[in-house]
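In what follows, a structure is listed as structure tokens, so that the remarks can point back to it.
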Amino acid sequence: MVSAEGGAWMVRQEAISRMLEHADAMTATAIVCIDVAVDPGIPSYVEPISLLDGTPDSVASMFLARQLGEPLNIRARQAALQTVIRKARAGHFREPFTVGLLAQAARELLAMDDHDLRTMPMTVDFVRLAPRWGVPVTPRWSRRIVEDPMVRSVWLDGLTLPVAQTGPLCRRLALSAQSRLEVELPAGDAMLAQLLQEMLFAADSDTRLYATLTVSATPYRRPVAELLAAELHNALRLQFDPMTATTMQAITILGEAGHRSLLIDLLADPNLGRPIRLSAANAAPHCSGDQSVDNWRRAFDVQRSAWLHNCDDAEAQVMDAITAAIGTAGNVKLLQEMSVDALLPSSTRMAAAWWLANQPDRCAPEP
């Protein structure tokens with residue numbers, strides 16, 4: 001599943017998810033997912049941790065609760081936070097010790113002053129769950145719910161922007177997509193507008209995924225994909241907004257061949273901010289379309305320069321994400337160079353080596 005190209009990861013994810021729900025297989029499968037997540041030689045944290053949302057297994061619950069307080073790294077913590085929210089809604093956390101760990105994590109989160117814009121929707125959802133674990137919402141957070149537009153929107157409607165803003169935009173996109181169909185339909189598809197709102201602005205990532213999959217199974221797939229690519233250019237003028245990352249995620253599923261080229265162009269632009277580059281790097285592995293070795297190298301060189309300039313964990317995340325994209329593209333020569341580049345993060349070198357070793361048909365080392 002980690003090395004799957006295009007949309008093949010969904011088939012593999014469904015297979016593992018079914019094992020995690022099976023009474024006789026869930027514990028063993030959860031342990032395998034945990035072993036993959038904690039193995040420093042495997043460049044995957046988000047996938048194996050996120051899979052644990054579908055099982056009530058106590059081993060999985062304990063591992064996730066610990067990742068909130070003592071995470072493997074920032075990516076593991078973000079994945080655990082998102083997964084804990086889903087599991088809490090499903091009533092999976094019953095063991096007193098696990099509930100105690102969640103309560104401690106909630107208290108720490110409520111005490112924090114700064115929160116990343118990209119993870120704020122998850123943070124709000126987690127804060128909403130805190131009373132379940134005996135942790136009341138603090139007066140400061142109560143004020144934030146009233147005063148911060150994004151926090152208030154997520155809290156009230158589950159959207160990253162107020163409905164007053166998202167509604168007109170999604171209706172406009174729906175009308176534009178409808179006008180591009182080969183058949184004429186009555187104007188104003190309210191269901192498409194609702195799906196677009198969930199696809200682009202839902203705080204919950206599963207809601208966004210299911211909405212995007214629904215649209216991709218209809219004749220609207222291509223026109224919506226084209227419109228979102230155009231909207232992405234408009235959003236980039238703002239450097240980063242809540243729609244930027246979700247649009248990149250959506251186009252990976254809608255599957256137009258030109259989208260990978262668009263993402264690589266973004267990665268090759270030295271003037272774009274880190275949040276955009278990280279979103280593009282995360283989306284690129286699952287995008288349709290092939291690119292030349294020169295294009296990949298151009299994008300990689302820009303990200304390598306950014307890493308050398310900052311050398312912090314956030315830039316390391318970008319480097320690890322673009323390594324996965326280069327791995328799924330089967331760019332053997334570049335992977336070989338990355339695996340021995342002493343100036344890259346150790347995690348990136350290890351990831352490049354893993355891709356070389358685990359894609360024998362496409363990424364076997366050159367003689």
Side-chain angles (χ1 to χ4, degrees), residues 1-6 9 36-37 40-50 71-80 82 116-119 205 232 236 240 244-253 259-270 272-289 291 295-331 334-335 337-339 341 343-356 358-359 363:
M1 187 186 79
V2 175
S3 61
E5 188 178 13
W9 64 270
V36 171
I42 300 177
S44 177
Y45 302 101
V46 175
E47 293 88 348
I49 291 175
S50 298
L72 298 166
N73 52 48
I74 189 172
R75 285 156 286 178
R77 186 181 186 279
Q78 291 172 356
Q82 183 170 276
D116 191 325
L117 175 64
R118 293 165 296 167
T119 59
S205 60
L232 182 58
L236 291 179
F240 186 81
T244 306
T246 56
T247 300
M248 292 185 192
Q249 293 164 5
I251 63 178
T252 68
I253 296 171
H259 287 160
R260 180 172 268 183
S261 175
L262 169 61
L263 295 176
I264 292 176
D265 286 343
L266 296 178
L267 290 169
D269 186 344
L272 291 181
R274 182 187 294 161
I276 295 174
R277 293 186 288 109
L278 179 58
S279 295
N282 282 328
H286 301 298
C287 241
S288 300
Q291 287 294 304
N295 285 342
W296 279 114
R297 182 174 296 281
R298 183 166 51 94
F300 170 73
D301 287 345
V302 168
Q303 303 314 313
R304 184 179 185 275
S305 296
W307 156 255
L308 293 176
H309 180 72
N310 295 293
C311 290
D312 58 19
D313 186 70
E315 288 296 347
Q317 288 187 62
V318 180
M319 291 303 305
D320 292 349
I322 197 172
T323 304
I326 293 168
T328 57
N331 194 325
L334 190 50
L335 286 170
E337 294 175 13
M338 293 166 65
S339 68
D341 187 340
L343 296 180
L344 295 180
S346 60
S347 59
T348 300
R349 296 196 304 272
M350 293 174 62
W354 185 89
W355 281 102
L356 285 167
N358 288 278
Q359 293 265 324
C363 295

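Computed from a predicted structure; not experimentally measured. Here, residue 1 is the first one in the sequence, and each next residue gets the next number.
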Kindly indicate, with the supporting measurements, whether the criterion side-chain contact (heavy atoms from CB on, under 4.5 Å) is fulfilled by Met338 and Phe300. CA-CA 10 Å; Met338 293 166 65; Phe300 170 73; 3.7 Å; yes

Between OG1 of Thr323 and CE of Met350, what distance do you get to the nearest 0.5 Å? 12.0 Å

Nearest-0.5 Å distance, CE of residue Met248 to CG of residue Leu262: 7.5 Å

Which pair of heavy atoms, one from [X] and one from [Y], lies closest together, and at what distance?
{"X": "Leu267", "Y": "Arg277", "value": "CD2-O, 3.4 Å"}
{"X": "Pro285", "Y": "Ala321", "value": "CG-O, 4.2 Å"}
{"X": "Ala281", "Y": "Ile322", "value": "CB-N, 3.9 Å"}
{"X": "Leu72", "Y": "Ala37", "value": "CD1-O, 3.4 Å"}
{"X": "Met319", "Y": "Thr348", "value": "CB-OG1, 3.3 Å"}
{"X": "Pro270", "Y": "Val302", "value": "CA-CG1, 3.8 Å"}

Do the side chain of Ser50 and the main chain of Glu47 share a donor and acceptor less than 3.5 angstrom apart? no

I'd like to know if the side chain of Trp354 reaches the main chain of Ser44, judged simply by a donor and an acceptor atom lying under 3.5 Å from each other, with no hydrogens or angles considered. no

Quick one: salt bridge (charged side-chain N to carboxylate O under 4.0 Å, His left out) partners of [X], sequence neighbours excluded?
{"X": "Arg77", "result": "none"}
{"X": "Asp269", "result": "none"}
{"X": "Asp341", "result": "Arg304"}

Does Gln249 form a side-chain contact (heavy atoms from CB on, under 4.5 Å) with Asn282? I'd like the steps, not just the answer. CA-CA 8 Å; Gln249 293 164 5; Asn282 282 328; over 6 Å; no

Judged by modelled atom types alone, do Gln317 and Arg75 share a side-chain donor-acceptor pair under 3.5 Å? no

